[in-house]
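Here is the structure we will look at.
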Amino acid sequence: MKSLVLLLLVAVTVSSVVSKPLPEDSEAEVHKEFETWKVKYVSRVYQEWSPTQRTSRQLHKGKSYPSTEEEAKRKGMWLATRKRVMEHNTRAGNGLESYTMAVNHFADLTTEEVPKGLLPMPRPEEEEVDKEFEMWKTVNGKTYNSTEEEARRKEIWLATRARVMEHNKRAENGSESFTMGMNHLSDRTTAEVTGQRLQDREEAEVHKEFETWKVKYGKTYPSTEEEAKRKEIWLATRKMVTEHNKRAENGQESFTMAVNHFADLTTEEVPKGLLPMPRPEEEEVDKEFEMWKTVNGKTYNSTEEEARRKEIWLATRARVMEHNKRAENGSESFTMGMNHLSDRTTAEVTGQRLQDREEAEVHKEFETWKVKYGKTYPSTEEEAKRKEIWLATRKMVTEHNKRAENGQESFTMAVNHFADLTTEEVPKGLLPMPRPEEEEVDKEFEMWKTVNGKTYNSTEEEARRKEIWLATRARVMEHNKRAENGSESFTMGMNHLSDRTTAEVTGQRLQDGEEAEVHKEFETWKVKYGKTYPSTEEEAKRKEIWLATRKMVTEHNKRAENGQESFTMAVNHFADLTTEEVPRGLFSMVTYQHFKMNEDDKTL
C-alpha cells in the first residue's frame, strides 16, 4: 500500500505540471506583449497623475511591481484575462458572439480588486441612436423584409449596444478587465448566433460567382426582388450541376455538365420547339471515336468488343449533343461533355471499382519489370496473357509479404524473371543445392542472432531454436535455387521469426515496434533513477516487476480518464520492487480510501 501511495504522490505532482496552460503564441511573443502592455498604460494612467499622485501610487507606476513574485502573480492574472478575451473574440469571429472584447489597464487585477461604485453611463439622444443604427446597417449591408422585422431587429441591436456600452464604461473606470465592440451579428439573439451555419466567406464566393455569371451573359433585372428570385433559380441549377459533376468525377456518371445563360430560368420558361441537331457524316464520327480512344487510352480485346463499346459511345454522344443543342437554344440550363466512361453503361459505371491511378501504377510497375528482365512478346494478345500471369504472381507475393510483416510467415518473397510463367512452364530437373560446411552454418546462425538481437534462456533452448532455424534456412535456400533456375516464380528470405514454428508465428501477438517502445521506456526509467543490476538475470527479473507495475498504472489511469477513478498514478523509483521489498517506516501518506467519493454525501 505504501508503494501505491508513493506512486499516487508522484502522479499528483506530474499532473499539476502537465495541467499548466500553455500560451497559444511563443513564450517570447507573449512576454513581449506583456511588457508592451505595461508600458502602454504608463502614458494613459501614470503620466496623467500629478507628481504627488505618482509618489503616493507606487503600485501603478508604469505597471511596475514591488517584487518578482508579485509580477509573476500579476502576469498570471493578465494571461488568464488575455486568454478569455482571445477565446471570446475567436467565437465572435466565427459568428458565435455578437460583440468583441479587448484587454485594458485592469487586466492584471482580480474581480475583487477592480474599483467599485462607478457612475452609470448616460444614454445618447434618440436621434443620434437612429443615425448610429442606420450607419451600422450600411456598414454591415443589412436589409430587412418588412418594417416589423426591422423594428424587431433594432430592439435586439439596442439591447446589445446598451450591454456593450455599459460594459465598456465599467472597463474604462476599472470595473471590467476588457472592452467590447459591435459586429454584424449585433441584431441577432444568442440562439440565432449559435445557429449560424452558413459562413460569410462561402456566401461571398457564391455571390461573386453569380455576379461574374451575370456579366458574362449580360444579365440585368428590373428590380432587387426579381434579381433575388432569379438568383434562387440560378443557385438551384448550380447545385444540381455541381452534384452531377461530383458523381461524374467518381465514375458514377458518363458525362459532365456546366451552367449556361439559361441557368436563371425555370423549366417552363426555357424556349420550346427547337430544331433537331443534324448528325455528322459517318466518316467524321469514326474519326472522332478514334481520337477519343487515343485521348483516353482505350484498347479492346476483340473487334466484337470494340463494336459493342462503340455503340454505347455513340448513344452517349447522341444524348450529350442533343442535350447541348437544347441548352444552346435554351431548352436546358446546363451543358454536358464526354469523358473516359462514355463507352460504359450506367451499370458498369456504378460498378467501377479499380481507380485509374492504381491501374497506372501497376502498369508502370509491369513495364519496369519487362525492361529489367528484357521481356518482349510477339503480339498484344500474348502480352495481355503474360501480364495476367504476372499480376497473379505479384498478388500472391504481396499478400505473403504482408503476412510476413505481421509475423504470420517466417520468410519473405519477391517477384523474379519467371513471374509471367505458369507452374507448368517453369523449367524442371534442376540440380539439388549443396549444403555449406557446418562451421559456416554456425557462423551464419551467430550473425543472424546478432542482427536480430536473439538471446535464449538456456543451451537447450538455443539448440531447439537452431534446429527450427536450420529447417527454415534449408527450405528458403532450396526454394531460391529453384527460383534461380526457373522452377519457382518468386524468391524467399530469412527474418526475425525464422527460429519459430508455424504455430508460434501464427500466435505472435506483441509487435516489434511496441516491444522497442517499452524497452526504450525502461532504459529511460533506469537512467532517470540511476538503476543498475549485478547481472542480466537480475535485470530481467526486475524488468518483469517493472512491467507489471507499469501495466497496473496504465490500466488505472485509463479508468481515471473514463471517470472510473478519482485520481491518477505514475511509475516511480520503487517500480522494480515487490510489495515486500518496498522500504517500511515511511511517513504517513493519504491512502486510496481518502480519495474514494462517499456515495451518501458525494464529498471527498
Side-chain angles (χ1 to χ4, degrees), residues 1-22 27 402-408 410 447-458 461-462 465 495-500 504-584 586-587 589-592 595:
M1 179 58 71
K2 292 179 179 179
S3 177
L4 179 61
V5 173
L6 283 173
L7 296 177
L8 174 58
L9 290 180
V10 173
V12 172
T13 304
V14 171
S15 65
S16 66
V17 174
V18 173
S19 62
K20 182 178 180 181
L22 296 174
E27 291 183 354
K402 283 182 180 178
R403 293 196 301 274
E405 282 182 20
N406 295 322
Q408 297 169 326
S410 58
M447 178 63 72
W448 176 85
K449 283 168 53 185
T450 302
V451 169
N452 291 280
K454 293 285 182 172
T455 57
Y456 303 104
N457 296 329
S458 64
E461 175 66 8
E462 180 161 339
R465 292 300 173 186
N495 66 9
H496 64 289
L497 296 170
S498 297
D499 64 341
R500 295 293 184 266
E504 289 176 318
V505 169
T506 304
Q508 183 85 7
R509 292 294 179 263
L510 188 59
Q511 299 298 318
D512 295 338
E514 294 177 4
E515 290 180 338
E517 286 299 320
V518 173
H519 179 72
K520 183 178 178 182
E521 186 180 335
F522 178 66
E523 292 298 320
T524 303
W525 175 84
K526 283 168 54 185
V527 171
K528 179 179 179 179
Y529 292 109
K531 294 282 183 171
T532 57
Y533 303 102
S535 65
T536 54
E537 291 76 9
E538 178 67 16
E539 178 159 339
K541 172 186 171 183
R542 293 302 169 184
K543 186 176 180 180
E544 284 299 314
I545 300 170
W546 180 86
L547 285 169
T549 304
R550 177 182 177 274
K551 181 181 178 183
M552 178 191 68
V553 169
T554 302
E555 291 175 350
H556 176 94
N557 288 345
K558 283 183 181 177
R559 293 195 302 273
E561 281 183 21
N562 295 322
Q564 298 169 324
E565 301 286 350
S566 58
F567 59 91
T568 56
M569 297 183 177
V571 173
N572 69 5
H573 58 294
F574 292 107
D576 62 343
L577 301 183
T578 63
T579 306
E580 293 74 23
E581 291 174 320
V582 175
R584 307 302 179 189
L586 300 173
F587 289 109
M589 298 180 185
V590 180
T591 63
Y592 171 84
F595 288 88

Quiz item: Residues two or more places apart in sequence or in another chain: which of them pass side-chain hydrogen bond (donor to acceptor under 3.5 Å, both in side chains) with Glu555?
Solution: none
Quiz item: Rounded to the nearest 0.5 Å, how far apart are NE2 of His556 and CD of Gln564?
Solution: 10.5 Å
Quiz item: Heavy-atom distance under 4.5 Å between the side chains of Tyr456 and Asp499, does that happen here?
Solution: yes
Practice problem: Could you tell me whether Glu561 and Lys558 make a salt bridge, using a distance below 4.0 angstrom between a side-chain N and a carboxylate O? | Solution: no
Quiz item: Roughly how far apart are Phe574 CZ and Thr579 OG1, rounded to 0.5 Å?
Solution: 12.5 Å
Practice problem: Take His519 and Glu523 through the test side chain to side chain contact (heavy atoms under 4.5 Å, CB included) and record every step on the way to the result. | Solution: CA-CA 6 Å; His519 179 72; Glu523 292 298 320; 3.4 Å; yes
Quiz item: Please, which pairs that meet salt bridge (Lys or Arg N to Asp or Glu O under 4.0 Å) have at least one residue in residues 568-581, sequence neighbours excluded?
Solution: Lys531-Asp576, Arg542-Glu581
Practice problem: Output the distance between atom CG (Asn562) and atom CG (Asn557), rounded to the nearest 0.5 Å. | Solution: 11.0 Å
Quiz item: What distance do Arg559 atom CZ and Ser566 atom OG have between them, rounded to the nearest 0.5 Å?
Solution: 11.5 Å
Quiz item: Which one of Lys543, Arg550, Lys528 satisfies the salt bridge (Lys or Arg N to Asp or Glu O under 4.0 Å) criterion with Glu521?
Solution: Arg550
Quiz prompt | Residue pair Leu577 / Pro583: nearest heavy atoms and the distance that separates them | solution = CD1-CD, 4.5 Å
Practice problem: Taking atom CG of Asn457 as the centre, report whether more than 12 heavy atoms of other residues, nucleotides or ligands fall under 6.0 Å from it. | Solution: no
Quiz item: side-chain contact (heavy atoms from CB on, under 4.5 Å) with Thr536: which residues, sequence neighbours excluded?
Solution: none
Quiz item: Can you name the nearest heavy-atom pair linking Asn495 to Trp448, along with the distance?
Solution: O-NE1, 3.2 Å
Exercise. Might you work through the side chain to side chain contact (heavy atoms under 4.5 Å, CB included) test for Phe522 and Leu547, ending with a clear yes or no?
Key: CA-CA 9 Å; Phe522 178 66; Leu547 285 169; over 6 Å; no
Exercise. Begin from the C-alpha positions of Glu544 and Trp546 and carry the test side chain to side chain contact (heavy atoms under 4.5 Å, CB included) through to its verdict.
Key: CA-CA 5 Å; Glu544 284 299 314; Trp546 180 86; over 6 Å; no
Quiz item: So which heavy atom on Trp525 is nearest to which on Val571, and how close?
Solution: NE1-CG1, 3.7 Å
Quiz item: Can you check whether Thr532 reaches Glu539 side chain to side chain, under 4.5 Å on heavy atoms?
Solution: no
Quiz item: Which atom names give the shortest non-hydrogen contact between Ala560 and Thr568, and what distance separates them?
Solution: CB-CG2, 3.9 Å
Quiz item: Below 4.0 angstrom, N of the basic side chain to O of the carboxylate: do Glu461 and Arg465 qualify?
Solution: yes
Quiz item: Could Lys449 and Glu462 be called an ion pair, given the rule that one side-chain N must be under 4.0 Å from one carboxylate O?
Solution: yes
